[in-house]
Amino acid sequence: QVQLVESGGGLVQAGGSLRLSCAASGGTFSMEIMGWFRQAPGKEREFVASISWSGGSTDYDDSVKGRFTISRGNERTVYLQMNKMKPEDTAVYYCAAPARYSSRWLRSHYEYDYWGQGTQVTVSS
């Protein structure tokens, strides 16, 4: 019984910043990779960023690279620092984790097993 809980969403002005947090608890799962996805109305869930827990290496979608930063915290917590935000970043953001270890980066939502409830991020122009 793995539970992922996102927090930190809200309304920000274009160009502003927001920091999302994801806390994992319960059960057991791979600690190697955790990721962030987002889903805007009428669009499919898309990859945002992921991080290797042990090595700290990161993977970003081109749409957020240079603006967003994913990082690790203690006690199975990951963060997504979002800077220079754009209205196009408006979406529900989800934290996700695969159930098993993967030796490669995972960019498809089908490759993740555990999901948070999502947190709404709205960027106004």
Residues pairing under salt bridge (charged side-chain N to carboxylate O under 4.0 Å, His left out) where one sits in residues 46-55, two or more places apart or in two chains, turn out to be Arg38-Glu46
Sequence-distant partners of Ser57, side chain to side chain donor-acceptor pair (under 3.5 Å), two or more places apart: none
Which heavy atom in Ala91 sits nearest to a heavy atom in Ala40, and how many Å separate them? CB-N, 3.8 Å
Heavy-atom pair of closest approach, residues Cys22 and Leu4: SG-CB, 4.1 Å
Spell out, as yes or no, whether a donor-acceptor pair under 3.5 Å connects the side chain of Thr90 to the backbone of Thr122. no
I need the Tyr93 OH to Met82 CE distance, nearest 0.5 Å. 5.5 Å
Hey, is the main chain of Gln117 close enough, under 3.5 Å, to the side chain of Glu6 for a donor-acceptor pair? yes
Decide yes or no for Phe68 and Ser63: does some side-chain heavy atom of the first lie under 4.5 Å from some side-chain heavy atom of the second? no
Minimum-distance pair of heavy atoms, taken over all atoms of Leu20 and Gly9: CD2-N, 3.6 Å
One should read off an interatomic distance between Arg19 CZ and Gln81 CD, to the nearest 0.5 angstrom, of 6.5 Å
Is there a path of hydrophobic side-chain contacts, each under 4.5 Å between heavy atoms, that joins Trp36 and Val2? yes
Do the side chains of Ser124 and Val12 get nearer than 4.5 Å, heavy atoms only? no
If you define the side chain from C-beta out and look only at heavy atoms, does anything of His109 sit under 4.5 Å from Trp115? yes
Side chains of Arg104 and Glu111, heavy atoms from C-beta outward: is any pair under 4.5 Å? yes
So Asp89 and Arg67, do their side chains get closer than 4.5 Å, heavy atoms only? yes
Just wondering, do Phe47 and Leu106 contact through their side chains at under 4.5 Å, heavy atoms? no
Does Tyr60 share a hydrophobic cluster with Ile51, counting links as ILVMFWY side-chain heavy atoms below 4.5 Å and allowing steps through other members? yes
Any side-chain heavy atom of Asp61 within less than 4.5 Å of one from Arg107? yes
Between Met34 and Cys95, what is the shortest heavy-atom contact and its length? CE-SG, 3.9 Å
For Ala14 and Pro87, the nearest pair of non-hydrogen atoms, with its separation, is CB-CD, 4.2 Å
Taking all non-hydrogen atoms of both residues into account, name the closest pair between Val64 and Val48 and its distance. CG2-O, 3.5 Å
Val92, Tyr112: one ILVMFWY side-chain cluster at the under-4.5 Å cut-off? yes
